[in-house]
Amino acid sequence: MSDATFRPATDETPLARRALIALAVTGLSVLVLAPLVAVFVEALRDGIGAALQSLSHKDAWAAIKLTVTIAAISVPLNAAFGIAAAWFITKFDFRGKAFLITLIDLPFSVSPVVAGLCIVLTFGANSAIGAWLVDQGYPIVFAMPGIVLATMFVTFPFVARELIPVMIEQGRAEEEAALTLGAGGWRVFWTVTLPNIRWALLYGVLLCNARAMGEFGAVAVVSGKIRGQTATIPTTIEMLYQEYLSVAAFTLAAVLALLALVTLLLKTLLELRHADQLAATHRH
Amino acid sequence: MHIEIDEISKQFGTTAALHPVSLAIPSGALVALLGPSGSGKTTLLRILGGLEFPTSGRVLFDGQDATGLSVQQRRAGFVFQSYALFRHMTVFDNIAYGLNARPSATRPQKAEIARRVTKLLDLIQLPDIGSRYPSQLSGGQRQRVALARALAIEPRMLLLDEPFGALDAKVRKELRQGLRDIHDTTGLTTVFVTHDQDEAMELADLVVVMSMGKIEQIGKPQDIRARPATPFVREFIGA
């Protein structure tokens, strides 16, 4: 080096560093921040009164209630399934493990619209199961159970995907230690496994929740988008937008964005509050 | 407790980790399972602890068949290679874990648990670390906490997997004596796995040399040194 200062091998030159930061800031602003701001600006174009009025419409209110209910059902179920799948995959050796992991990833690679169609084909009135269920008074398609199924299909991988690498990294030794100390399977799970994975589980659940509330494609196919009944926030936004009711559409979009921001805020708060614990439970 | 291993074998898929091996461990002995990696010594230890089950053969504790006993029923104090301390619990809670895990009928009162944990912390000569987390301990301290946690369940035997493997040379020497002292105080039948022949020879009453899933020689350290039974043993102990 020509000048007298030395810099660590992993450091960039000041110029390169500034260029990288500029690139990241520009990308983030254009791709994330600007659209988010635009949603709120559009929603408030005719003033806060107009925005609130559009929300007080009964269809909008029904959509919000439905979306929250769907998330409240599908997220806990997917958390339970995700934990079970991750536990099974990481703590046991068996044939067909790779296949099971692929199966868990399937919802990521299948288009949500295709997933929705699959549910319609399996449980719709034209299938044997679907027809029977309709006769019993429990229709799946164009009703809430179908939306829950579609949402669960699409959001299935989030929790498991978040947990599997963490649980692989942690290995089985702590569980084995608990067993040798006399603990039964449930006790090991509640006192050793769950506390060790709680942060990964929280991230998985938050991601799962965000996606469950925002899911459009699969839900649009199975729900039939009946206003006031099976239309969720995302499908209602689309319908309002198609009808040029842009204040109403963007207000509802702002609500959806706010729900996501609240979950992010929650996560940050939890991290701040338990920072010492987080540091202590991380390896060394 | 007297331990007898009777023609134990273990297959993992198509590979044989243990060919039928037999071994009698007298009550109160301090035994080293010595061998290179892949010799089957850890598998044998895990079979004794109930963490693996043999493909064939029997394990007898004090003459009783214990082959089918679950890991919880074995009541073996097990110290793992990297100690496997519960990282989200304090040292106190780590040591108390086995007592808290007992069914309510046999679980000691809270005060009694605290008394026993304090006693164990004294035994490992770390009386003041109860409120710390494992990540705040040195390697040697972790090993001793793992030992205290294993002793808390009033085990019938002590099983240790490479107990000194993760430590530097100086701490290693100190803790060797520590293990010897704890063994002599408690009188527990103790089996430890090691690949370090110095450690085995210096610490154990009885050394079991293993290679490729077979026992090459069983004997007192001085006898093995004086009369290696096979070329493998001669080479491995560098006699």
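A note on names: the letters A, B, ... follow the listed sequences, proteins ahead of strands, and every chain is numbered from 1.
Residue-environment remark: CZ (A:Phe92) exceeds the threshold of 12 foreign heavy atoms within 6.0 Å. More than 12 heavy atoms of other shown residues, nucleotides or ligands fall within 6.0 angstrom of atom CZ in A:Arg17. Residue-environment remark: NZ (A:Lys65) stays at or below the threshold of 12 foreign heavy atoms within 6.0 Å. Open room surrounds CE on B:Met212; 12 or fewer heavy atoms of other groups in view lie less than 6.0 Å from it. Within a 6.0 Å radius of CG in A:Leu15, no more than 12 heavy atoms belonging to other residues, nucleotides or ligands are found.
Of residues 147-155 of chain B, those residues with a non-hydrogen atom less than 4.5 Å from any non-hydrogen atom of chain A are, in numerical order, B:Arg149, B:Ala150, B:Ile153. The stretch residues 175-193 of chain A places A:Glu176, A:Ala177, A:Ala178, A:Leu179, A:Thr180, A:Leu181, A:Gly182, A:Ala183, A:Gly184, A:Arg187, A:Val188, A:Thr191, A:Val192 near chain B, each with some heavy atom under 4.5 Å from a heavy atom of that chain. Heavy-atom proximity under 4.5 angstrom to chain A picks out B:Arg46, B:Leu51 from residues 44-69 of chain B.
With chain A as partner, the option from B:Asn100, B:Leu137, B:Leu159 having the largest number of non-hydrogen pairs under 4.5 angstrom is B:Asn100. Options B:Ala146, B:Ala76, B:Gly77, B:Ala84 differ in how many heavy-atom pairs under 4.5 Å they form with chain A, and the most are formed by B:Ala84.
Here OH of B:Tyr97 is found 10.0 Å from CD of A:Glu174. Values are rounded to the nearest 0.5 Å.
No part of B:Leu99 comes within reach of chain A, as not one of its non-hydrogen atoms sits under 4.5 angstrom from that chain. Looking at B:Phe80, only its side chain comes within 4.5 Å of chain A, counting heavy atoms on both sides.
Counting only residues at least two apart or in different chains, salt bridge (Lys or Arg N to Asp or Glu O under 4.0 Å) contacts with residues 145-159 of chain A are absent.
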